[in-house]
Each structure stands twice: as structure tokens, then as C-alpha cells.
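Reading through the C-alpha cells given below for one structure.
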Amino acid sequence: MTHALSLHAISHCFDGAEVLQDVSLQIAPGECVALLGPSGAGKSTLLALLDGRIRGWRGRAEVLGNRLPNNRAPERETRLKTGFIFQEFALVDRQSAYQNVMNGRLGRMHTWSSLWGRYGAEDHLKTAIALEDTGLTDLAQRRVDQLSGGQRQRVAIARCLAQEPELILADEPVSNLDPAHAERILELITDAARKRGITVAFSSHQPELSRRFASRIIGLRAGAVLFDKPSAMVGNDDISELYHGTVPGDGLRVVS
């Protein structure tokens with residue numbers, strides 16, 4: 001498999017407006033890439049599309065070597081390889097941290113076992129490892145509605161890791177956190193992914209954190225790719241053009 005993700009001329013309209021415009025990009029296995037851009041840039045739409053939750057888009061997309069259909073959900077075997085970390089955590093509040101992380105194992109169980117919650121020894125082992133790797137072992141039995149925002153996001157990360165994905169998609173996973181917790185959460189995601197050889201694509205509107213934790217940054221503006229560069233090569237001019245449509249010192253050049 002040459003690429004973990006390969007997109008060619010992806011476009012998508014929502015309510016008559018084009019939210020993705022001719023997006024083409026490739027991400028190598030094990031790479032960590034940030035999708036950077038202002039609100040409405042198309043970051044969340046692109047991640048949801050890669051997760052198989054959007055229909056009717058145009059173009060060609062391959063995820064982990066499998067052609068992504070644009071008119072139905074991906075096959076179960078394919079879907080299991082992709083984990084998703086949501087901005088709003090998407091946890092079951094009445095359950096413990098342990099139970100929420102164990103939910104990440106449901107897709108790897110036989111249908112009847114998952115319906116009855118009959119977890120095996122391997123499921124418990126993978127859950128325990130994910131909790132340990134995210135520093136949640138001491139909080140495993142606490143209900144998630146009693147946890148802080150940073151702790152809840154760690155539970156969401158642990159649930160994703162327990163799924164044993166080959167690809168992690170994270171939609172602005174730190175936007176609801178203070179700077180210290182945001183840094184810690186991105187460190188957790190990227191360190192855990194590196195340890196397991198997982199490819200990561202996360203969306204963000206925080207340039208400095210993106211530069212620090214991603215090896216490459218793709219700038220999205222108005223649904224189109226404005227730039228695609230190694231993080232170390234993304235300068236202040238790139239950021240200004242991305243967020244304001246101008247480059248310092250060049251007058252008022254507007255990016256349409």
C-alpha cells in the first residue's frame with residue numbers, strides 16, 4: 001500500500017453550496033498530518049467524508065488501500081481500520097471510563113457477542129492497555145460525566161486506541177480545552193499513534209500546535225487546498241493568507 005489516504009479531485013456540495021472544491025492529496029502510512037484552516041474551511045467535512053459518513057461527493061478516494069464508496073457506508077471490515085476522535089467526545093455519560101473504552105472493541109466482536117456485551121479476555125486486555133497509555137487507569141471505574149473535559153477527551157482517545165485502528169481521524173480534538181490540556185491531548189494522540197504505527201489526520205485552527213505535533217500541514221480555505229507543506233516550512237505569510245486572505249506587506253490581496 002503506497003498511501004494510507006489518497007484523494008483525487010474530491011468535491012462536495014451541501015444545501016447548494018460547494019464545501020469541498022477539487023481536493024487532491026496523499027498521506028503516507030504512519031504520517032501525522034494537520035488540516036489547518038478557519039471555521040467553514042471544510043476540515044470537518046473532509047474528515048467525515050474519509051470516515052465514510054458523507055454521501056454524494058464527487059471524485060476518487062482510497063482509504064487504507066480500499067476504494068471509498070460515495071453512495072453507501074464502507075464495508076464493516078474496512079470501517080474497523082479507521083478510528084475517529086470527535087470534538088465533543090461522543091461518550092456515554094452514564095457509563096464508566098472503562099465501559100466507554102471497551103465500546104471501542106464492539107466492532108471487533110461477533111454480532112451476537114456485541115449485542116449481549118460478552119467481551120473476551122483480549123477485549124479486556126486491549127482496554128486496559130489503552131487506559132494505561134492515556135493515563136486513565138486510576139479513573140477507569142469513574143463515570144465519565146464526573147470527569148473534566150481533558151479527562152473525557154482522554155477517554156475518547158483510549159476508546160479509539162482500543163479499536164486497534166490503522167488510521168485515526170480527529171476533528172478539532174482540542175478546541176474545547178485550555179492550552180495546557182490541548183498540548184497534552186495532542187501529545188497523547190501523536191505519541192500513541194507513533195508507538196503503534198498509526199496514520200493520523202487531525203483538524204485544527206491552532207497553527208502553533210499544528211506545527212509542533214504534525215509533520216505536515218495542509219491549509220484549507222473555502223473548501224480548497226491553499227497549501228500543502230512540511231510543518232517546518234509553513235511560515236507566517238502562509239498563516240496570514242490562510243486566515244485573512246492577505247500576506248503582510250502586499251496590500252490587500254484577497255484569496256477567493
Side-chain angles (χ1 to χ4, degrees), residues 1 4-5 27-33 47 50-51 63-64 76-171 173-174 177 180-202 213-215:
M1 179 175 59
L5 292 174
I27 297 177
E31 194 172 12
C32 181
V33 174
L47 289 174
L50 292 170
D51 195 41
V63 178
L64 299 171
R76 186 171 185 263
E77 288 290 324
T78 301
R79 182 65 189 83
L80 280 175
K81 298 177 182 179
T82 300
F84 204 98
I85 299 172
F86 295 87
Q87 180 179 356
E88 300 294 338
F89 316 134
L91 301 173
V92 182
D93 283 346
R94 67 179 181 277
Q95 291 185 345
S96 67
Y98 191 96
Q99 289 171 312
N100 271 277
V101 176
M102 184 70 86
N103 289 341
R105 301 295 303 169
L106 291 173
R108 296 201 171 271
M109 299 167 63
H110 294 298
T111 303
W112 286 110
S113 296
S114 64
L115 287 173
W116 291 100
R118 293 175 178 171
Y119 300 102
E122 184 177 9
D123 301 314
H124 286 282
L125 175 62
K126 297 298 183 182
T127 296
I129 291 172
L131 285 165
E132 182 178 1
D133 284 352
T134 51
L136 288 167
T137 301
D138 292 343
L139 299 174
Q141 299 308 319
R142 188 174 298 182
R143 279 177 49 141
V144 297
D145 57 4
Q146 299 173 354
L147 301 179
S148 68
Q151 290 167 339
R152 287 164 66 86
Q153 191 60 292
R154 280 194 279 154
V155 174
I157 294 168
R159 178 186 58 193
C160 182
L161 295 175
Q163 183 183 324
E164 296 183 281
E166 296 177 28
L167 167 68
I168 291 177
L169 305 172
D171 187 12
V174 299
L177 306 178
H181 283 100
E183 183 175 332
R184 176 59 178 149
I185 289 300
L186 280 179
E187 186 176 32
L188 274 175
I189 294 172
T190 53
D191 284 355
R194 191 179 303 111
K195 176 181 175 181
R196 294 165 169 81
I198 300 171
T199 306
V200 176
F202 69 90
F213 290 103
S215 59

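Here the CG atom belonging to Leu167 is positioned 7.5 Å from the CG atom belonging to Leu50, to the nearest 0.5 angstrom. Considering CZ of Phe84 and CD of Gln163, their distance stands at 12.0 Å, rounded to 0.5 Å. The distance from the CE atom of Met102 to the NZ atom of Lys126 is 12.5 Å, given to the nearest 0.5 Å. Residue Ile185 holds its CD1 atom at 9.5 Å from CD of Gln151, rounded to the nearest 0.5 Å. Note that the SG atom of Cys32 and the CD1 atom of Ile198 stand 11.0 Å from one another [nearest 0.5 Å]. Atom CD of Glu88 is separated from atom CD of Gln153 by 9.5 Å, given to the nearest 0.5 angstrom.
Minimum interatomic distance between Thr134 and Ala130 (heavy atoms only, all atoms of both residues): OG1-O, 2.8 Å. When all heavy atoms are compared, the tightest approach of Val33 to Ala214 is C-CB, 4.1 Å. Residue Pro165 comes nearest to Gly83 through the heavy atom pair CB-N, 3.5 Å, listed as atom of the first residue, atom of the second, then distance. Nearest approach of Leu169 to Leu47, heavy atoms of both residues: CD1-O, 3.7 Å. Nearest approach of Leu131 to Ala140, heavy atoms of both residues: CD1-CB, 4.0 Å. Taking both residues in full, the closest heavy atoms of Leu64 and Lys81 are given as CD1-CB, 3.4 Å, listed atom of the first, atom of the second, then distance.
Between Arg152 and Asp93 there is a side-chain heavy-atom pair separated by less than 4.5 Å. Looking only at side-chain heavy atoms (C-beta outward), Asp51 and Thr82 come within less than 4.5 Å of each other. Residues Val101 and Leu161 have side chains not in contact (no heavy-atom distance under 4.5 Å, counting atoms from C-beta outward). Annotation: side chain of Phe202 is in contact with side chain of Leu186 (closest heavy-atom distance under 4.5 Å).
Glu166 has no carboxylate O lying under 4.0 Å from a charged side-chain N of Arg196, or vice versa, which leaves the two without a salt bridge. In this structure, Asp191 does not pair ionically with Arg184, as no charged nitrogen and carboxylate oxygen lie closer than 4.0 Å.
Checked by atom type and distance alone, the side chain of Glu31 never pairs as donor or acceptor with a backbone atom of Ser215 at under 3.5 Å. A side-chain donor-acceptor contact under 3.5 Å links Arg154 to the backbone of Gly135. In this structure, the side chain of Asn100 engages the main chain of Val92 through a donor-acceptor pair within 3.5 Å.
Within 6.0 Å of CD on Gln146 lie more than 12 heavy atoms contributed by other residues, nucleotides or ligands.
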